[in-house]
Structure formats: C-alpha cells, structure tokens
Amino acid sequence: MSHFIDQIIEAALQENPGLTVTTRFPPEPNGHLHIGHAKSICLNFGIAEVYGGKCFMRFDDTNPLKESAEYVTAIMTDVRWLGFDWDDRLTHASDYFESLYAWAVELIRNEKAYVCSLDGEEMRISRGSLTEPGSNSPYRDRSTTENLDLFVRMRSGEFPDGAHVLRAKIDMSSPNMNLRDPTLYRIRHQPHQRTDSEWCIYPMYDYTHALSDALEGITHSLCTLEFEDHRPLYDWVLDHTTAPCHPQQIEFSRLELDYTVMSKRLLTQLVNAGAVDGWDDPRMPTLAGMRRRGYPPAAIRDFCNRIGVTKKNQRIEMSVLEQCVRESLEPTTPRALGVLRPIKLIIDNYPAGVFEAFDIPNHPNDPSAGSRKVMFGREIYIDEADFLEDPPRRFFRLSPGREVRLRYAYYVTCVGVDRDSNGEISTIHCTYDPDSRGGGTSDKRKIKGTLHWVSAAHALPAQARLYEPLFYSLNPLEDPNIELTDQLNATSRTVLHNAQLESNLQHAAVGTRVQLERIGYFCVDSDTQQDQLVLNQIVALRDSLPRDKPS
RNA sequence: UGGGGGAUCGUCCAGCGGUAGGACUGCGGACUCUGACUCCGCCAACCCAGGUUCGAAUCCUGGUCCCCCAGCCA
C-alpha cells in the first residue's frame with residue numbers, strides 16, 4: 001500500500017528521475033530488536049527495494065556506555081531473519097568518528113560551536129524551561145583559539161568525564177529546546193566496542209546522525225515522531241558544515257501493540273527482573289522472541305505492510321498480527337494429531353493388542369504434501385476439552401450416548417465412564433462402528449463432531465507451552481502509577497507437561513512447525529532434549545465456538 | 001501556560017472538491033472428516049462549531065481533545 005512517504009519519494013523521483021533512493025536502518029546496539037523495529041526495517045529496506053535504491057544497515061554506536069558487540073551480532077541476525085540484505089552496506093557511526101571530529105573543528109573555526117565547562121546541573125538550569133528561555137553559558141564567548149585548544153585536549157584525554165562538552169552555538173532562547181546550544185560532544189573515558197580506546201570523546205546522536213546520513217548519501221532519512229523536534233537541529237548541522245549532501249528527514253509514528261510494551265529499556269527491565277526467561281522468551285515482542293515462538297518472518301513482513309505508515313499514534317490489536325501468522329502458516333504447515341490435556345478413551349469392542357495404521361494426509365487442502373502413517377488401537381487419548389458429561393446446546397463433541405468421528409479413523413459412541421476415588425472421570429468408554437473405517441460409513445450418516453486422538457500405545461509424551469499476552473492491561477504504560485511488573489498476566493505462559501503426540505513427531509528438529517489439528521500451530525522449542533520434546537504454541541486456530549451470551 | 005505533531009468504523013489504513021472504501025475484530029450464514037481453511041452477508045466512522053462552494057472528510061476561520069520536547073541517551 002502506498003503511504004505518505006511513498007508520495008514524497010515519488011514526487012522526488014518525478015523531479016529527478018535519476019535519483020537513487022537511499023535509506024538506512026540505524027539501530028543503536030544497546031538491546032534487541034522488537035516488532036516496532038520491524039516496521040522501520042520493512043519501511044527502509046522495502047523502499048529501497050520498490051524504488052530500486054539502496055538501504056544501509058548502520059549501527060548508531062555513539063554511546064559506549066550502553067552498547068555492545070553482542071547486540072550488534074544479534075541485530076544483524078534479526079534483520080537477516082526478517083528477510084533483508086544490506087550487501088556491502090554495513091556501516092557504523094563509529095566509522096565516521098574522524099570525519100565527525102573534523103567537522104566539529106570546522107564548526108569551532110566558524111564560531112558555530114564552543115567548549116562549555118558548565119557541569120550537567122548548571123547546564124540544565126541555564127537551559128530554561130518549556131515556557132522560559134535559557135540563558136547563555138558563561139563560556140559561550142570563548143575565543144576560537146581557546147575552543148580549538150580545549151577541544152584538541154578533550155580528544156587527547158587531558159580532562160576527566162564531564163569536565164567539558166562541545167556545544168553548538170545556536171539560540172538559548174529558542175522555543176525549541178533542541179536548539180538551545182545542544183551538546184555535540186561529551187567526554188567518556190570508556191572503551192568502545194569497535195574503536196576500543198582510540199577515542200575518549202564521543203559525538204551525540206543529533207550531530208552524528210545528520211552527518212552519517214549525509215556521508216552515505218541518504219536521500220530520505222526516516223525516523224519516528226519523537227524526532228520531529230530534532231529536525232531543525234538535523235538541518236542546522238548539515239547547513240553549517242561542508243556535508244556532502246542534505247538528506248530529508250521524514251517522521252512517522254512508532255508502532256504500539258496492545259498488551260505489550262515496545263521499548264528496549266522496559267523490555268530490558270523485564271528480562272533483568274526475571275519476569276520473562278530472556279530476550280527470546282516467546283512472550284516477548286522481540287524478533288528473537290517471535291522467531292523462537294515460531295512466527296514466520298513473512299508473517300511479520302505482511303503485518304508491517306498491513307498496518308501502514310502515518311503520523312498518527314498507532315496502537316494495533318494483537319489479532320492483526322495473529323491473523324497474519326495464521327495466514328502465513330495455513331497453506332504450508334503440515335498437520336499432526338496430538339492432545340494437550342489427555343484423557344483415556346477405551347473402545348470396548350475393539351480387540352486388545354491389535355493395531356492398525358491409518359494413512360493420513362499431511363495437509364488436507366494440499367494433496368501434494370503427501371501422507372503419513374498414524375497408528376490406532378483400542379486405547380487412545382483424546383483431549384479433555386472434547387468430552388462433557390452434561391453438554392450445553394451446540395456442543396458437537398463427545399458425551400454419554402453421543403457418536404463422534406475420530407479424525408481419519410472410526411466413529412465411536414460413548415457408552416460410559418470410569419471414575420477415580422475423587423469422583424473424577426478417569427476413563428471414557430466407547431464402542432466403535434467397524435463400517436466407519438477411515439472416517440465415513442456406507443449409510444452416509446452425518447456426524448457433526450470430529451475429534452483428534454492419539455494411540456495410547458504409540459503416543460509421544462511432550463511438553464506444550466501455551467501463551468497469552470504478557471500483560472493484562474491493554475496499554476501497560478497508560479497508568480504510570482502501576483508498576484510494569486504489577487501488570488504481568490499471571491497466565492501468560494501455561495506449561496502442559498503431559499501432552500501426547502503422534503509418534504511421527506519423535507525426531508522433529510528445533511524450529512519445525514506443525515499444526516496440531518483443531519488446536520493450533522506449534523513450533524519445536526530449543527529447550528527440546530533427546531528425551532523431552534518441547535512445543536511452543538505459535539498461535540491458536542481461530543475458533544467460532546458459540547460464546548457465552550448474556551441470557 | 002513555549003514549541004512541534006495528530007484527530008475518518010472498536011483498531012489500523014485509504015480518500016487529495018463529486019456515491020466514505022479496505023483490513024482486523026464482532027455478529028449471522030454456506031461449506032466442511034479440523035467449530036480450521038474457503039465463501040457469502042451484516043453491524044460500524046469523517047472531533048466540534050461556523051464559513052466558502054451547486055457540492056466539503058478534503059479548502060478557510062475559531063475551538064476541543066490526544067501525543068512529543070527541558071540527557072553530557074538514542
């Protein structure tokens with residue numbers, strides 16, 4: 001779908017048909033990517049694709065206090081997994097430190113920057129407030145010579161952290177806070193993951209970003225709405241240096257998803273608090289989490305296309321993502337039979353010790369997917385949810401006296417139940433109709449209910465993990481008085497230790513996806529061990545069960 | 001209360017002076033050896049008030065509400 005940024009680009013192309021549309025995805029390597037980043041990735045790389053341009057993968061690594069090489073690797077993995085490629089356009093802001101420094105010197109020479117020796121607190125106070133102008137720093141009128149001297153000595157490591165900063169000389173009374181002599185460079189005696197100890201001064205984002213964009217020949221610099229106020233500074237930097245070109249910054253709204261948070265800081269907090277198992281916990285909105293959960297990358301790309309790009313605050317319902325996942329999985333994911341909460345069913349008139357193998361299609365809507373053998377016998381498991389002693393209206397499953405179809409196998413009729421000492425049903429007894437072999441009878445009688453099942457003698461025990469939203473609140477940030485960790489959904493993960501699956505899943509590799517018929521899509525989790533298969537529920541099948549209606 | 005943005009079905013997106021349309025959700029139905037898939041149908045919106053115009057979601061004026069900004073973070 002075409003959006004306002006496409007329109008801007010098309011207009012630019014109209015004016016200059018030879019233009020190589022160039023974008024960039026500029027993450028800071030200080031955490032893992034989430035689906036909000038996916039929106040930006042799809043936008044930037046997508047535009048390059050559509051307009052035959054280029055997209056740079058650029059790490060915005062200007063703050064060694066927060067960044068690390070591990071995150072760099074993880075981010076590259078995530079972007080590739082999503083399906084994008086940057087060819088030889090992998091860059092780092094730190095690649096440009098020397099040029100950035102030279103431009104800073106240029107700014108000083110042109111009296112557009114000065115070394116300020118106010119401490120943080122003093123600077124904060126002199127900046128004024130939203131409604132009051134700031135006041136000039138007492139160091140604002142240092143001579144060019146002195147500024148140059150101090151800046152060189154800042155670089156050479158002569159001063160401790162915080163002693164001085166380099167500031168742009170703009171306007172302390174600007175109504176835009178970003179223009180009140182913003183800091184360009186600060187001293188940080190901190191090794192950098194790429195440049196090690198080569199630098200002890202590091203450039204700030206606004207300065208770095210504008211110049212890095214210019215250096216790469218970015219034509220359209222796309223960022224989120226909170227940088228709208230920074231655009232004048234972005235433009236100022238490019239206007240007051242000999243930058244090779246002047247990219248256009250365009251802002252769009254960030255993605256918010258219901259029942260989760262989309263902030264690296266808050267996600268880090270959840271990981272550190274142990275609220276989740278890690279960055280790749282399948283409940284996390286991170287790309288790593290979604291990958292582990294089993295979401296196909298194509299589903300996420302589809303999602304990003306569906307939600308569009310605007311400047312309006314965007315809060316999307318989970319159902320959109322889930323439906324993208326289902327639609328992506330449905331046509332290609334092989335089917336399997338498995339029960340999550342098993343209850344034993346004995347077919348009284350089926351001989352003990354006799355088993356037969358049914359040939360079952362791997363994908364009922366796609367014959368080319370082939371078939372597999374599934375064993376059947378006198379004792380099977382069905383799901384607890386498929387039996388009710390006292391069924392409500394429109395319950396199509398099994399209950400005393402009713403006949404249902406066991407998928408691809410036989411019709412069975414419930415003739416009774418056994419109870420344990422607590423009075424709980426321990427076993428369901430049925431009889432089967434031999435004429436119904438394969439799932440149909442000669443009299444063509446209609447059977448409304450069809451249940452999935454697993455032969456008890458052949459069942460493969462497994463652990464199944466079911467997921468719900470991480471938070472119980474639609475927007476966990478809406479009420480700042482409630483701690484994030486107090487809004488966690490207590491049932492965000494349900495671990496079922498006694499799932500029973502068809503034995504064909506025995507050696508399924510980690511990452512294998514399967515649809516457990518009538519339940520949902522599942523993915524073999526990395527916690528799987530030789531003797532313990534672990535399945536994540538990717539997403540449940542949509543269901544149209546009658547809902548409880550107010551009577 | 002300074003500055004910068006934004007308001008169209010419940011949610012998201014289209015519309016660019018000429019019948020407000022799509023997706024998701026919800027509801028109803030058809031089909032069905034998955035209550036899946038597929039198909040059909042229905043509910044449902046232009047923030048408010050003026051103005052311009054034959055005609056306004058769109059243009060103008062004035063309001064209202066929401067988001068962002070006072071890091072040596074990005």
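Naming: A, B, ... by sequence-line order, numbering from 1 per chain. Being a predicted model, the structure only gives us computed values, none of them experimental.
As rounded to the nearest Å, B:rC9 and B:rA57 have P atoms that lie 14 Å from one another. Rounded to whole Å, the separation between the C1' atoms of B:rG4 and B:rG18 comes to 35 Å. Rounded to a whole angstrom, the distance from the P atom of B:rA74 to that of B:rG22 is 46 Å. Here the separation of B:rC37 from B:rG50, taken at their P atoms, is 47 Å to the nearest Å. For B:rC68 and B:rU8, the C1' atoms lie 23 Å apart once the distance is rounded to whole Å. With both ends at atom P, the span from B:rC67 to B:rU34 equals 48 Å, rounded to whole Å. Only the C1' atoms considered, B:rA70 is 11 Å distant from B:rG2, to the nearest whole Å. If you take atom C1' in B:rG17 and the same atom in B:rG5, they sit 26 Å apart, rounded to whole Å.
For A:R306 and B:rC24, the CZ to P distance is 6 Å, given to the nearest whole Å. Computed from coordinates, the A:F396 CZ to B:rC31 P distance equals 13 Å when rounded to whole Å. If you measure from atom CG of A:N362 to atom C1' of B:rU34, you get 15 Å, rounded to the nearest angstrom.
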Q: Might you work through the side chain to side chain contact (heavy atoms under 4.5 Å, CB included) test for A:T268 and A:W279, ending with a clear yes or no?
A: CA-CA 8 Å; A:T268 304; A:W279 284 102; 3.3 Å; yes
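Relative to the side chain of A:Q515, the nucleotides B:rU1, B:rU34, B:rG35 differ in distance, and B:rU34 lies closest. For A:H3, the side-chain atoms get nearest to B:rA14 when compared with the rest of B:rA14, B:rG35, B:rU25. Set against B:rG5, B:rC24, B:rU34, the side chain of A:E517 has B:rU34 as its closest nucleotide.
There is no side-chain donor-acceptor pair under 3.5 Å between A:S212 and A:R24. With 3.5 Å as the limit, one finds no donor-acceptor pair spanning the side chains of A:S371 and A:N362.
In this structure B:rA23 sits in a base pair with B:rU11, meeting the Watson-Crick or G-U test at under 3.5 Å. In this structure, B:rG2 forms a base pair with B:rC69, meeting either the Watson-Crick or the G-U wobble geometry with both donor-acceptor distances under 3.5 Å. When Watson-Crick and G-U wobble pairs are counted only if both distances are under 3.5 Å, B:rC43 pairs with no nucleotide at all. Judged by Watson-Crick or G-U wobble contacts below 3.5 Å, the nucleotide B:rA30 has B:rU38 as its partner. Pairing for B:rC59 goes to B:rG51, judged as Watson-Crick or G-U wobble with the two contacts each under 3.5 Å.
Outside the 6.0 Å centre-distance limit, the rings of A:Y71 and A:F59 are not counted as a close aromatic pair. Annotation: A:Y410 is in aromatic contact with A:F358 [ring centroid separation under 6.0 Å]. Between A:Y207 and A:Y185, the distance separating the two ring centers is shorter than 6.0 angstrom. Proximity of the aromatic rings of A:H230 and A:Y234 is defined here by a centroid distance below 6.0 angstrom, and this criterion is not met. In this structure, the ring of A:W453 has its center less than 6.0 angstrom from the ring center of A:F376. Ring centroids of A:H164 and A:F151 are separated by 6.0 Å or more, keeping the two rings apart.
Contacts of A:N313 with the nucleic acid, taken as non-hydrogen atoms under 4.0 Å apart, involve only primed sugar atoms and P, OP1 or OP2. Among the atoms of the strands shown, base atoms are found under 4.0 Å from some heavy atom of A:L541. If you check every strand for non-hydrogen atoms under 4.0 Å, A:Q7 touches a base. In this structure, A:P133 reaches neither bases nor backbone, as no heavy-atom distance under 4.0 Å exists between it and the strands shown. Counting non-hydrogen atoms under 4.0 angstrom, A:T310 reaches the backbone sugars and phosphates but no base. Backbone-only contact: A:R542 has heavy atoms under 4.0 Å from sugar-phosphate atoms and none from a base. Counting any heavy atom pair closer than 4.0 Å across all strands shown, A:R265 reaches no nucleic acid atom.
The base of B:rG4 has none of its N or O atoms less than 3.5 Å from a complementary donor or acceptor on the side chain of A:R231. In terms of polar N and O atoms assigned as donor or acceptor, the side chain of A:E317 comes within less than 3.5 Å of the base of B:rG10 in a complementary pairing.
Side-chain nitrogen and oxygen atoms of A:K312 include none within less than 4.0 Å of the OP1 or OP2 phosphate oxygen of B:rC66. For A:S253, no side-chain nitrogen or oxygen approaches OP1 or OP2 of B:rG6 to under 4.0 Å. Between A:R326 and the phosphate of B:rC37, there is no side-chain N or O to OP1/OP2 separation shorter than 4.0 Å. For the OP1/OP2 pair of B:rC67 and a distance below 4.0 Å, the side-chain nitrogens and oxygens of A:R254 include no atom meeting the criterion.
Rounded to the nearest 0.5 Å, atoms CZ (A:R180) and CG (A:N136) are 11.0 Å apart.
In B:rG21 the base sits anti relative to the sugar, since the glycosidic angle is further than 90° from 0.
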Q) What string of B, S and - do you get for nucleotides 69-74 of chain B, 5' to 3', if B is base contact, S is sugar-phosphate-only contact and - is no contact with any protein heavy atom under 4.0 Å? A) BBSBBB
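Between A:F395 and A:Q323, the residue anchored nearer the 5' end of RNA chain B, judged by the nucleotide with its closest heavy atom, is A:Q323.
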